[in-house]
Amino acid sequence: LVAEMRSKGIECNVHTYSALMNVCIKANELELAQDVYKQMLDEGCTPNLVTYNILIDVYVKKGQWEEAVKVLDTIEKQGVQAEVRTYTTVISACNKSGQPEQALKVYEKMLNAGVKPSATTYTALISAYGKKGQVEKALGIFKDMIRRGCERNVITYSSLISACEKAGRWEMALELFSKMHKENCKPNVVTYNSLIAACSHGGHWEKASEFFEQMQTQGCKPDSITYSGLITSFERGGQWRRALKAFEQMQAQGCHPD
RNA sequence: GGCUAGUAAAAUGUCC
């Protein structure tokens, strides 16, 4: 299509180039997306914020957080005000690359620019710290979130509970789980999976079992990750009979082992 | 002067 446009003397503009870059991302042709961007510049077409957002996406998919941050710098240098999603996407790049401190820098930049973080922004930061086992830092972000009046959602809580699991803080995981309940935030299968993993990690197979039962009475269907967590908790507790029983139950429910 | 085209993103286990 682009070739046809050229042959007919129709010029590509910022919209067509941006759309084209996005198509490349969808097709997982990340290098091509970058080529399109370069060509756009060569043709003297000026990128706008949408283009930059897409370019940041390219770097997110490539796992290149430094490049994502550079794009953000470029945006700022041009005196353009980045959007919430721009910052959040850069934070997500840092999260994927295991760079919580870099994510925090972007977050601070965002606040300095007077841009209000969204629940997704906070959750990405929480996840970044959680992955590194820095649960206290993750909690700090969570408190910030509350202080600034941002709504917490099921993903926020699941991230936090998972952060507790990685840090070996099962009691804190339980606390967060009840806090979540108080806020009328309904847990889903991921939340329960994280919670069961936290109990398992803490050596509490009874608790893991209890939540396994609870999730089902709440209409939450266990998946292979749930069973994996549960069986692991039995294994750690030397409960091989229970482990075997859980394994059989899993198959009886049509959930296949992986 | 009005309308109209393009972009996302955050959570879970085991083993390796």
Side-chain angles (χ1 to χ4, degrees), chain A residues 12-26 33 36-37 40 45 47-61 68 71 75 82-96 100 103 106-107 117-131 138 141-142 145 150-166 173 176-177 180 185 187-201 208 211-212 215 220 222-236 243 246-247 250 255 257-258:
Chain A
C12 292
N13 62 17
V14 63
H15 287 277
T16 49
Y17 277 118
S18 302
L20 194 54
M21 284 172 70
N22 194 42
V23 168
C24 295
I25 293 179
K26 293 270 140 71
V36 170
Y37 179 70
M40 172 178 180
C45 183
N48 62 19
L49 189 54
V50 173
T51 320
Y52 288 127
N53 286 340
I54 296 171
L55 187 60
I56 291 172
D57 276 342
V58 173
Y59 293 124
V60 170
K61 301 255 149 55
V71 178
I75 295 171
E83 303 167 318
V84 183
R85 67 198 293 170
T86 314
Y87 289 105
T88 304
T89 309
V90 177
I91 288 174
S92 140
C94 298
N95 174 23
K96 277 208 173 108
V106 178
Y107 170 66
S118 65
T120 306
T121 317
Y122 290 109
T123 306
L125 271 163
I126 288 170
S127 167
Y129 280 119
K131 275 190 187 124
I141 301 292
F142 182 62
M145 188 177 184
C150 181
E151 288 283 315
R152 281 76 65 193
N153 61 31
V154 60
I155 303 184
T156 313
Y157 277 106
S158 301
S159 300
L160 275 167
I161 291 171
S162 171
C164 293
E165 184 266 314
K166 290 196 173 61
L176 285 161
F177 186 71
M180 166 177 198
C185 182
N188 63 19
V189 61
V190 177
T191 321
Y192 277 109
N193 288 352
S194 305
L195 190 60
I196 289 170
C199 296
S200 166
H201 193 144
F211 288 118
F212 175 73
M215 76 186 280
C220 213
D223 60 14
S224 66
I225 297 181
T226 319
Y227 281 105
S228 165
L230 183 68
I231 292 170
T232 303
S233 81
F234 289 145
E235 186 190 328
R236 286 185 181 142
F247 185 71
M250 169 180 171
C255 181
D258 56 10

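In what follows, chains are A, B, ... by sequence order, proteins preceding strands, each numbered from 1.
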Chemist: Please identify which of these residues, A:Asp57, A:Thr51, A:Leu55, meets the side-chain contact (heavy atoms from CB on, under 4.5 Å) condition with A:Val71.
Modeler: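 By the side-chain contact (heavy atoms from CB on, under 4.5 Å) criterion, A:Val71 pairs with just one of A:Asp57, A:Thr51, A:Leu55: A:Leu55.
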Chemist: Within the pair A:Lys96 and B:rA10, is there a side-chain N or O less than 4.0 Å away from OP1 or OP2?
Modeler: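 A:Lys96 to B:rA10 OP1/OP2: side-chain N or O found under 4.0 Å.
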Chemist: Exactly one of A:Ile155, A:Ile141, A:Thr121 should register a side-chain contact (heavy atoms from CB on, under 4.5 Å) with A:Ile126. Which one does?
Modeler: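 Of all the options given, the one that passes is A:Ile141.
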Chemist: Using a 4.0 Å heavy-atom cut-off, does A:Thr156 contact any base of the nucleic acid, only the sugar-phosphate backbone, or nothing at all?
Modeler: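 No contact.
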Chemist: Measure the distance from CG on A:Asn153 to C1' on B:rA11 and round it to the nearest whole Å.
Modeler: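 Going from CG in A:Asn153 over to C1' in B:rA11 covers 9 Å.
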Chemist: Is there a side-chain contact between A:Lys26 and the phosphate of B:rA8, meaning an N or O under 4.0 Å from OP1 or OP2?
Modeler: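 Affirmative; the distance criterion is met.
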Chemist: Among B:rA10, B:rG6, B:rG13, which nucleotide sits nearest the side chain of A:Asn48?
Modeler: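 So the side chain of A:Asn48 is nearest to B:rG6.
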Chemist: Is the base of B:rG13 touched by the side chain of A:Asp258 through a donor-acceptor pair closer than 3.5 angstrom?
Modeler: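 Counting by modelled atom types and ignoring angles, a donor-acceptor contact under 3.5 Å is found here.
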Chemist: Output the single nucleotide from B:rG6, B:rU12, B:rA10 whose closest atom is nearest the side chain of A:Ala124.
Modeler: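 Of the candidates, B:rA10 comes closest.
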Chemist: So, A:Ser92 and A:Thr89: side-chain donor and acceptor under 3.5 Å apart, yes or no?
Modeler: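 No pair is found: no donor N or O on one side chain lies under 3.5 Å from an acceptor on the other.
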Chemist: Does OP1 or OP2 of B:rG13 have a side-chain N or O of A:Lys166 closer than 4.0 Å?
Modeler: yes
Chemist: Do A:Asn193 side-chain and B:rA11 base share a donor-acceptor contact under 3.5 Å?
Modeler: no
Chemist: Assign A:Glu165 to base, sugar-phosphate, or nothing according to its heavy-atom contacts below 4.0 angstrom with the strands shown.
Modeler: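 If one applies the 4.0 Å heavy-atom cut-off, A:Glu165 turns out to touch the sugar-phosphate alone, with no base involved.
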Chemist: For A:Tyr157 and B:rA10, what is the distance between atoms OH and P respectively, to the nearest whole Å?
Modeler: 21 Å
Chemist: Rounding to a whole Å, what distance do you find between A:Asn188:CG and B:rG13:P?
Modeler: 14 Å
Chemist: Answer with yes or no whether A:Thr89 presents, from its side chain, a donor or acceptor under 3.5 Å of a partner atom in the base of B:rA9.
Modeler: no
Chemist: Using atom NZ of A:Lys131 as one end and atom P of B:rA11 as the other, report the distance to the nearest whole Å.
Modeler: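 In whole Å, B:rA11 P and A:Lys131 NZ are 6 Å from each other.
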Chemist: For the pair A:Met250 and A:Thr226, evaluate side-chain contact (heavy atoms from CB on, under 4.5 Å) and give the outcome as yes or no after the intermediate values.
Modeler: CA-CA 10 Å; A:Met250 169 180 171; A:Thr226 319; over 6 Å; no
Chemist: Please state how far atom NZ in A:Lys61 lies from atom P in B:rA9, giving the value in whole angstrom units.
Modeler: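 Those two atoms, NZ and P, are 5 Å apart.
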Chemist: Below 4.5 Å, heavy atoms only, C-beta onward: do A:Tyr37 and A:Val58 meet side chain to side chain?
Modeler: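 No, too far: nothing below the 4.5 Å cut-off.
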Chemist: What nucleic acid atoms does A:Val14 come within less than 4.0 Å of, heavy atoms only: base, sugar-phosphate, or nothing?
Modeler: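 Base contact.
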Chemist: Using a distance-only criterion (donor-acceptor N/O pair, under 3.5 Å, no hydrogens), is the base of B:rA9 paired with the side chain of A:Asp57?
Modeler: no
Chemist: Can a donor-acceptor pair under 3.5 Å be found between the side-chain atoms of A:Asn22 and the base atoms of B:rA8?
Modeler: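 By the distance-only test, no, there is no pair.
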Chemist: Heavy atoms under 4.0 Å, any strand shown: does A:Ser158 hit a base, just sugar-phosphate, or nothing?
Modeler: base
Chemist: For A:Thr123, report the nucleic acid contact type (base, sugar-phosphate, nothing); a contact means any heavy atom under 4.0 Å.
Modeler: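 Base contact.
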Chemist: If you only use heavy atoms from C-beta on, which nucleotide in B:rU12, B:rG6, B:rA10 is closest to the side chain of A:Ser194?
Modeler: B:rU12
Chemist: Could you check whether the rings of A:Tyr192 and A:Phe211 sit parallel, tilted or perpendicular, using 30° and 60° as the cut-offs?
Modeler: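 Taking A:Phe211 first and then A:Tyr192, their aromatic rings sit tilted (interplane angle of 30° to 60°).
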Chemist: Nearest-Å distance, CZ (A:Phe212) to C1' (B:rU12)?
Modeler: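 Computing the A:Phe212:CZ to B:rU12:C1' distance gives 15 Å.
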Chemist: CZ of A:Arg85 versus C1' of B:rG6: gap in Å, rounded?
Modeler: 11 Å
Chemist: Would you kindly give the CD1-to-P distance between A:Ile225 and B:rG13, to the nearest whole Å?
Modeler: 7 Å
